[in-house]
Amino acid sequence: MHGIDVARRMRGRGYTLDIIAITAVRDLAVVRSAVATGITQYLIKPFSFAAFAEKLENHRAFIATMRSGGSSTSQAALDTAFSALRTTSASVSLPKGLISQTLEQVQNHLASSPTRAFSATELGEELGLSRVTARRYLEHLALVKTAVKQPRHGTRGRPEFEYQHNSH
């Protein structure tokens with residue numbers, strides 16, 4: 001059965017799952033049909049693992065943004081959520097594995113609490129990211145001087161760093 005037919009059947013049965021299509025089909029009519037059935041991401045073969053990973057990360061950012069707004073939303077919040085699904089040329093200039101939408105989400109979170117310092121674990125929990133992913137974005141922000149990195153003293157266990165918005 002064709003994937004679009006599977007998507008239609010799922011929708012017909014009331015399932016509202018997001019679908020990432022992975023296909024060699026490039027026909028615009030098929031792409032339109034795919035979008036109409038609820039396919040949120042479309043990845044044309046052949047593709048690199050980095051492209052696949054970016055689609056997954058974009059979708060994760062979309063879901064996280066949609067869940068963070070509570071039961072009501074604004075146009076700006078929806079625009080931000082839907083922009084997370086799109087790949088931008090800005091993500092090309094970032095280090096491998098980082099995408100601009102998640103970077104923006106991390107930057108905005110730091111900037112919204114300029115006097116608070118976050119560990120990678122804390123930031124990850126608040127944004128729905130793994131600790132390792134949060135650390136990679138925080139390290140990048142420290143490298144480009146958007147965040148200040150310093151050791152966190154007085155905690156038990158493994159040494160930890162904290163990151164704070166650089167207001168200078």
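Note that the structure is a prediction, hence the values are computed from the model and not measured.
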Could you give the distance from [atom1] ([X]) to [atom2] ([Y]), rounded to the nearest 0.5 Å?
X	Y	atom1	atom2	result
R116	E162	CZ	CD	10.5 Å
L56	I20	CG	CD1	5.0 Å
I39	R32	CD1	CZ	15.0 Å
L85	H59	CG	NE2	6.0 Å
H109	E104	NE2	CD	14.5 Å
L103	R136	CG	CZ	11.5 Å

Please name the pair of heavy atoms, one in [X] and one in [Y], separated by the smallest distance, quoted to 0.1 Å.
X	Y	value
A7	I19	CB-CD1, 3.6 Å
Y163	L110	O-CD2, 4.0 Å
V30	Y42	CG1-OH, 4.1 Å
L17	R11	O-NH2, 3.0 Å
N58	A84	CB-O, 3.0 Å
E122	R152	OE2-NH1, 3.0 Å

Out of curiosity, does [Y] fall in the hydrophobic cluster containing [X] (side-chain heavy atoms, cut-off under 4.5 Å, transitive links)?
X	Y	value
V25	L43	no
L143	L98	no
V6	Y15	yes
I22	F49	yes
V148	L123	no

If we only count heavy atoms from C-beta on, is the [X] to [Y] side-chain gap below 4.5 Å?
X	Y	value
F118	S113	yes
M66	L78	yes
N166	T146	no

- Task: Test S130 against R135 for side chain to side chain contact (heavy atoms under 4.5 Å, CB included), laying out the working first.
- Result: CA-CA 9 Å; S130 72; R135 186 187 58 75; over 6 Å; no

For atom CD of Q164, decide whether the heavy atoms of other residues, nucleotides or ligands shown that lie under 6.0 angstrom number more than 12.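 Enclosed: over 12 neighbouring heavy atoms sit under 6.0 Å from CD of Q164.
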
Give the C-alpha distance, both sets of side-chain angles, the deciding distance and a yes or no for side-chain hydrogen bond (donor to acceptor under 3.5 Å, both in side chains) between E57 and T102.
CA-CA 8 Å; E57 181 62 24; T102 304; 3.0 Å; yes

Side chain to side chain contact (heavy atoms under 4.5 Å, CB included) filter on T121, not counting sequence neighbours, yields S119, E125, R131, E160

Point to revise | Stepwise side chain to side chain contact (heavy atoms under 4.5 Å, CB included) check, Y137 with L127 | key: CA-CA 12 Å; Y137 283 91; L127 295 179; over 6 Å; no

Please assess D18 against F62 for the test side chain to side chain contact (heavy atoms under 4.5 Å, CB included), listing each intermediate value before the final yes or no. CA-CA 11 Å; D18 295 335; F62 169 73; 4.0 Å; yes

Sidechain-backbone polar pair: T65 side chain, A61 backbone, donor-acceptor under 3.5 Å: yes

For E139 and K149, run salt bridge (charged side-chain N to carboxylate O under 4.0 Å, His left out): C-alpha distance rounded to whole Å, both residues' side-chain angles, the deciding distance at 0.1 Å, then the answer.
CA-CA 8 Å; E139 286 291 328; K149 174 183 173 182; 2.9 Å; yes

